[in-house]
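To keep things clear, I will list the structure first and then write my remarks on it.
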2 protein chains.
Amino acid sequence: MDANSERGAEASTPLSREKVVRQALALADSEGIEALSMRRLGQELNAGAMSLYHHVRNKEELLDGIVDLVFAEIELPESQDDWRAAMRGRAVSAREVLARHPWAITLMASRTAPGPANLRHHEAVTACLRRAGFSIRMATHANWLLDSYVYGFALQEASLPFADAEELADMIHEVFLPQLPPEEYPYLNESATELMQSDYDPADEFTYGLSLILHALERDRLSAKP
Amino acid sequence: MDANSERGAEASTPLSREKVVRQALALADSEGIEALSMRRLGQELNAGAMSLYHHVRNKEELLDGIVDLVFAEIELPESQDDWRAAMRGRAVSAREVLARHPWAITLMASRTAPGPANLRHHEAVTACLRRAGFSIRMATHANWLLDSYVYGFALQEASLPFADAEELADMIHEVFLPQLPPEEYPYLNESATELMQSDYDPADEFTYGLSLILHALERDRLSAKP
DNA sequence: TTGACAGTCGTACACTGTACGGTTACTAGC
DNA sequence: GCTAGTAACCGTACAGTGTACGACTGTCAA
């Protein structure tokens, strides 16, 4: 008999690590990561703050848990596809997930031990690359390169103060341009002006860089050296 | 007469925004970002915690300040070089700086308003690209791509628990491989085993991806479309 | 019936950022 | 030389944090 087995329908079911971590994720999503305190999370679960410590060693482990939950949302590469389509799919998925949980990218940076979902993901990506003919060395290169791009892009996106192209145009006009006098920042001023007038959408940026990287990796795919 | 002028050699010179932010940077470097509290910083400056608030609006602004100081350490691109050498130089410099201040990458992600050093840097990079013949659109692509790569790489590096190739080999043997049973993670296990035996150094990874991106950007440099 | 034990939680401690008000030290105006 | 004004400094206090500790429950095994 497991300690986590149901106790009955009346009252709330007992706590479990699963429930604690899931509620923490929900709270971070709805009210921001800074609202996630042990007391507040306990409250959300109709429990005292100290009760949480029976299911999670400390807050660090709780954060590890929600980061891994976020990781689990990223689609694994479909390995029957050709490798480029598979890598594109999982990169696009990763970006979507990280845009949905903007606080996650910050958390990931401060965590050292990868969780199970993280490991599973890396395994699937490596498998896909190796089956496509990448050497171990080249697969490692591709992994670092693609992950760096995806995480870096997500990090930059997370620190943008606007959500879509429309908001961007307004913001450039009202906030950025006034801070970019043409004498001091001629090129940035020029770019901001131009981009505001055209139909520029930063969301398209991701596709450009991703395609460029995938194309270039294809050229190096079977080379033994680098 | 300025309020920040020297008061004499005896006792410590008076506080200033400059001194406060610099000492904060020093403290974050020497004892980690989590040791940087207002009380502790005041102590470090022979001052009370509340005195700092006369030079900095709040802690957020203090963090903005030290992030911008870190930014100022990054070398600007030498625009008389050919553009690839210039971009390589500033990317390598950025990686070095972010590796020297591993906590900075986390902070950057949570800050929305770019500081003056950040703006100056972006201006110089954009100038270099535009003078090399990049269109505004292409220069924006290149900016996003290169920055994403550099920040993403730094972010991954910052969450690695080892410092050099030697430590890595030990760590793979003692920590990673035991967590990667070949039945569950055949490919990761294979990679870890292989890399441990060869002279693999993650520091070389940065060069590979950077060269690939610069090479591919050169091909797109004069294309009008994307 | 008794013992063990897993789960819950109230209290307490050391810490955080910072609002508020009081105290200095220095400068400008007369 | 005196006084008013002000910029800098800082002690105290408050609401919040993570979590160590010990007490209290309920359930199951012997």
Side-chain angles (χ1 to χ4, degrees), chain A residues 1-25 27-28 30-67 103 106-107 110-111, chain B residues 1-25 27-28 30-67 103 106-107 110-111:
Chain A
M1 192 72 53
D2 188 2
N4 291 342
S5 58
E6 305 296 45
R7 188 181 289 160
E10 86 293 11
S12 52
T13 57
L15 257 46
S16 68
R17 193 196 141 93
E18 169 94 4
K19 275 179 62 171
V20 168
V21 177
R22 278 202 183 284
Q23 190 65 241
L25 174 61
L27 184 54
S30 62
E31 309 203 22
I33 192 69
E34 71 282 353
L36 174 56
S37 74
M38 300 305 271
R39 276 174 252 255
R40 180 67 204 280
L41 179 56
Q43 196 175 309
E44 216 77 15
L45 288 158
N46 289 112
M50 293 315 290
S51 305
L52 307 175
Y53 285 88
H54 270 262
H55 306 94
V56 151
R57 198 191 311 274
N58 48 32
K59 192 175 183 186
E60 282 296 287
E61 200 182 282
L62 178 67
L63 296 179
D64 286 346
I66 69 175
V67 165
W103 44 263
T106 305
L107 274 190
S110 53
R111 240 118 286 283
Chain B
M1 194 69 54
D2 187 2
N4 291 340
S5 58
E6 305 297 46
R7 190 179 289 160
E10 87 292 12
S12 51
T13 57
L15 256 46
S16 69
R17 193 196 141 94
E18 168 93 4
K19 276 179 62 173
V20 168
V21 177
R22 279 203 182 284
Q23 190 64 241
L25 173 62
L27 184 55
S30 61
E31 309 203 22
I33 192 68
E34 71 281 352
L36 174 57
S37 74
M38 300 304 271
R39 276 174 252 257
R40 180 67 204 281
L41 179 57
Q43 195 175 310
E44 216 78 17
L45 288 159
N46 289 110
M50 292 315 290
S51 307
L52 307 176
Y53 285 88
H54 270 261
H55 306 94
V56 152
R57 197 192 310 274
N58 49 30
K59 192 176 183 184
E60 281 296 288
E61 198 182 283
L62 178 67
L63 296 179
D64 285 345
I66 69 175
V67 165
W103 43 264
T106 305
L107 274 190
S110 52
R111 238 119 288 282

Original post:
Quick one: Asn58(A) CG to dA20(D) C1', roughly how many Å, whole number?
Top reply: 13 Å

Original post:
Which residues pass the side chain to side chain contact (heavy atoms under 4.5 Å, CB included) test with Glu61(A), sequence neighbours left out?
Top reply: Arg17(A), Val56(A), Arg57(A), Asn58(A)

Original post:
Counting side-chain heavy atoms from CB outward, which of dT19(D), dC9(D), dT16(C) is closest to His55(B)?
Top reply: dC9(D)

Original post:
Taking atom C1' of dG18(D) as reference, at what distance in whole Å does atom CG of Leu36(A) sit?
Top reply: 12 Å

Subject >> Rounded interatomic separation in angstrom, taking CG from Leu15(A) and P from dC9(C) >> reply: 8 Å

Original post:
So, for Val21(B) and Ile66(B), which heavy atoms are closest and what is the spacing to 0.1 Å?
Top reply: O-CG2, 3.6 Å

Original post:
In Å and rounded to the nearest 0.5 Å, what is the NZ to CG distance from Lys19(B) to Leu52(B)?
Top reply: 11.5 Å

Original post:
Between dG16(D) atom C1' and Glu34(A) atom CD, what is the distance in whole Å?
Top reply: 14 Å

Original post:
Mapping Ala47(A) and Met38(B) onto DNA chain C by nearest heavy atom, which one lands closer to the 5' end?
Top reply: Ala47(A)

Subject >> Nearest-Å distance for atom pair CD/P, residues Glu61(B) and dT18(C) >> reply: 11 Å

Subject >> Minimum heavy-atom distance between Ala24(B) and Leu41(B), given as atom pair plus value >> reply: N-CD1, 3.6 Å

With 3.5 Å as the limit, what N/O pairs link the protein to nucleotides 22-24 of chain C?
none

Each nucleotide N or O in nucleotides 21-26 of chain D that has a protein N or O under 3.5 Å away: list the pair and distance.
none

Subject >> Whole-Å gap separating C1' (dG17(C)) and CG (Leu63(B)) >> reply: 12 Å

Original post:
So with a 6.0 Å cut-off around CZ of Arg111(A), is the heavy-atom count from everything else above 12?
Top reply: yes

Original post:
Expressed in angstrom and rounded to an integer, what is the separation of Leu52(B) atom CG from dG17(C) atom P?
Top reply: 10 Å

Original post:
Rounding to a whole Å, what distance do you find between Gln43(B):CD and dC10(D):C1'?
Top reply: 14 Å

Original post:
How far apart are the closest heavy atoms of Leu36(B) and Lys59(B), and which atoms are they?
Top reply: O-NZ, 2.7 Å

Original post:
What about Arg39(A): does its side chain form a donor-acceptor pair under 3.5 Å with the base of dG16(D)?
Top reply: no

Original post:
Between His55(B) and Ser16(B), what is the shortest heavy-atom contact and its length?
Top reply: CD2-CA, 3.7 Å

Subject >> Between OG on residue Ser110(B) and CG on residue Leu63(B), distance to nearest 0.5 Å >> reply: 7.5 Å

**OP:** Respond yes when some side-chain nitrogen or oxygen of Ser51(B) is under 4.0 Å from OP1 or OP2 of dA8(D), and no when none is.
**Re:** no

Original post:
Where is the tightest heavy-atom contact between Leu27(B) and Ala35(B), given as atom of each residue plus distance?
Top reply: CD2-O, 4.0 Å

